[in-house]
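Comments concern the structure below.
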Amino acid sequence: MYRTILKTGALAAFMACSALVSMPAFAAKTELVLGAAAADVGKLDPHFANSTSDRTLVAWIFGGLVRFAPGSTDPSTIEPDLAEKWEHSADKMEWTFHLRKGVQFQQGYGEVTADDVVFSLNKAGKPETSAFATDYAALKSVEAVDPYTVKITLAKAVPSLLGLVSNYSGGFILSKKAYEERGDEFQRRPVGFGPFSLEKIEPSVSIEFKAHDGYFRGKPKLEKIIYRFLNAASARDLAFISGEIDVSAGTTDQKWLARTREVPESVVDIFDPAELTLLHVNRTKKPFDDIRVRQALAYAVNAAQMAQFRGKEFTREVKSVIPSNNLGYTDEAGVVSNDTEKAKALLAEAGYPDGVTIKMLSSQLPSLEQSAQMLQAQVAKAGIKLELEPVEHATWHQMIRKDLSPIVMYGAARFPVADYYLTQFYHSDSIVGKPTAVTNFSHCAAADEQIVAARSEVDPDKQLQLWHEAQKLIVADVCAIPLNETAQVWVRKKSLDWGFELKGSLSLGPLVTEQTHFTD
């Protein structure tokens, strides 16, 4: 009896051990679900991706000749991507890029060659096929020397040629074949060589991506990404707390930050670039065709109060009309401080002693909506009545580009060299409504001469002087009124590892790479 018990016990122990051995090892999850502060997708042709959400998505799909090191917005970190090496002439007017061999497009569209690069950069430089065409005006020619060599010749010097061909805006490389086959459908059926390929779009609900198994840096550790449209902050918060989503766009609000940091096993990522939010004032529309009214509005705004309300962790006041991290920024541009009585006096002098009423299209994006309401309360003290007309964010983007609002509250970050922001927002070629339009909502032309001269100035000190002068002229003409700079804020599960230290992302959202993974 005793022996039987021993044998039975030994057998049971052996079976238990065998079961443990035969059980599959625990595997970390490979599906990532994000909650976005957006109502729907816009355009996923990267050369037209203007909204924050669209910029985030195209950075997963596409790549450039070069790229910013993951987690950085510092131009000094630019490294090889499609191009494995490059050289330039002594005067930096001719650049030759040598492409990696064997890099594959998604969805079976074959190898990336010089023809795709030539096609993409030429497309980026045409107003009819790119929202960033002005940036590429200095490119005289883009030629395929052979299937793996591209030569770029400049008509004039630019502040950063590598910035133009990086994984940002017009620098993304498309599949020529896919674009020609799909035409207008390409913006919803994009093809790049990045780590993730678009699988399907469910309008106003979600977008699904799958891993690009043929990605040249290696098969992504994640197999699937679901990007859910959860425009309401409360809906995102609930979905994150309940575990429905792994990552959520945050809210630049102190109460949200304090509350979210208390959620177990969560990490809040606050990263650059800080988007500069300005109030762009259309100088051609009454009553803003009178500079005194523009000045009154500038004095009525209380930017310091806005920054304090939002929270010092991710918001700061700024003293110019370009972002403070830009090469060429000056904090001595002449931006005025809040002075309600001065604003009232200027309005009276301009013929509005009883105040003035102005209609303003406002985005329903939570962060912009809150800022618009705060602005409304501030300027009312000076006799400026803002009648806000809330519009869904994607629709709002379309409407402001049709010049339908006399003032536009717009937050943006650009490649961190002054020329890009100055050109896109304040050069007359970029005025909305023009064939060369970008985002000059104010119809500003005050600093055209300085902006153009700075692009080709070879003396760094003189170039800085020109950029400083441009900012002062723009501020003096009240083309735009600085409100604040706000960093990007997202929250994620602690078990999610981006695969790099997230200090910055020019795509304005988390960059998901082949290294992004869950640790459990």
Identify which one of Asp403, Asp290, Asp289, Asp477 satisfies the salt bridge (charged side-chain N to carboxylate O under 4.0 Å, His left out) criterion when paired with Arg283.
-> Asp477
Decide whether Ser320 and Gln471 meet the rule of one side-chain donor and one side-chain acceptor closer than 3.5 Å.
-> yes
Check whether any side-chain heavy atom of Thr423 sits under 4.5 Å from a side-chain heavy atom of Ile451, and report yes or no.
-> yes
Could you tell me whether a side-chain N or O of Tyr136 sits under 3.5 Å from a main-chain N or O of Gly171, the two making a donor and an acceptor?
-> yes
Worked check of side-chain hydrogen bond (donor to acceptor under 3.5 Å, both in side chains) between Ser76 and Asp74 = CA-CA 5 Å; Ser76 69; Asp74 183 349; 2.9 Å; yes
Heavy-atom check, side chain of Val301 versus side chain of Gln378, under 4.5 Å = yes
Check the pair Asp448 / Ser428 against side-chain hydrogen bond (donor to acceptor under 3.5 Å, both in side chains), numbers first and verdict last.
-> CA-CA 7 Å; Asp448 279 10; Ser428 60; 2.5 Å; yes
Give a yes or no answer on whether the side chain of Glu349 reaches the backbone of Arg292 with a donor-acceptor pair at less than 3.5 Å.
-> no
Could you check Phe288 against Asn282 for side chain to side chain contact (heavy atoms under 4.5 Å, CB included), going step by step and ending with a plain yes or no?
-> CA-CA 6 Å; Phe288 297 121; Asn282 191 331; 5.7 Å; no
Any donor-acceptor pair under 3.5 Å linking the side chain of Arg67 with the backbone of Gly63?
-> no
Between Thr439 (side chain) and Gln424 (backbone), is there a donor-acceptor pair under 3.5 Å?
-> yes
Any ion pair linking Arg310 and Asp253 (charged N to carboxylate O, less than 4.0 Å)?
-> no
Answer with yes or no whether the side chains of Ser51 and Asp54 bring together a donor and an acceptor at under 3.5 Å.
-> yes
Sole candidate of Leu388, Ile400, Leu375 that passes side-chain contact (heavy atoms from CB on, under 4.5 Å) when paired with Met409 | Leu375
Validation row, ring centre Tyr168 to ring centre Phe68 under 6.0 Å = no
For Gln450 and Glu469, does a side-chain donor sit closer than 3.5 Å to a side-chain acceptor?
-> yes
Phe425-His280 aromatic ring centre distance below 6.0 Å = yes
Does Glu185 pair with Arg188 as a salt bridge, N-O distance under 4.0 Å?
-> no
Between NE2 of His393 and OG1 of Thr52, what distance do you get to the nearest 0.5 Å?
-> 5.5 Å
Can any side-chain N or O of Tyr426 pair as donor or acceptor with the backbone N or O of Val321 at less than 3.5 Å?
-> yes
Hey, do the aromatic rings of Tyr329 and Trp467 have their centres closer than 6.0 Å?
-> no
Can Lys319 and Glu317 be counted as an ion pair, charged N to O under 4.0 angstrom?
-> yes
Charged N to carboxylate O below 4.0 Å: is that the case for Lys123 and Asp45?
-> yes
Pair Val205-Arg228, side chain to side chain contact (heavy atoms under 4.5 Å, CB included): steps then yes or no = CA-CA 6 Å; Val205 178; Arg228 290 179 56 186; over 6 Å; no
Rounding to 0.5 Å, atoms OG (Ser120) and CG (Asn122) come to a distance of 9.0 Å
So, does Ser405 use its side chain to make a donor-acceptor pair with the main chain of Val408 at under 3.5 Å?
-> no
Have Tyr227 and Ser53 got a donor and an acceptor in their side chains that come within less than 3.5 Å?
-> yes
Carboxylate-amine/guanidinium contact Arg316 Glu485, below 4.0 Å | yes
Check: Pro203 main-chain N/O paired with Asp40 side-chain donor or acceptor under 3.5 Å = no
Would you say the side-chain atoms of Glu392 and Thr395 include a donor-acceptor pair closer than 3.5 Å?
-> yes
Hey, what do you get for CD1 (Ile407) to CZ (Arg294), rounding to the nearest 0.5 Å?
-> 13.0 Å
Quick check: does any side chain N or O of Asp81 sit under 3.5 Å from a backbone N or O of Gly64, one acting as donor and the other as acceptor?
-> yes
Would you check if Lys503 and Pro70 make a side-chain contact, meaning some heavy-atom pair closer than 4.5 Å?
-> no
Could you check Thr486, Thr277, Val489 and say which one makes a side-chain contact (heavy atoms from CB on, under 4.5 Å) with Thr315?
-> Thr486
Any donor-acceptor pair under 3.5 Å linking the side chain of Arg236 with the backbone of Leu230?
-> yes
Do Ser324 and Asn326 get their side chains close enough for a donor-acceptor pair, meaning under 3.5 Å?
-> no
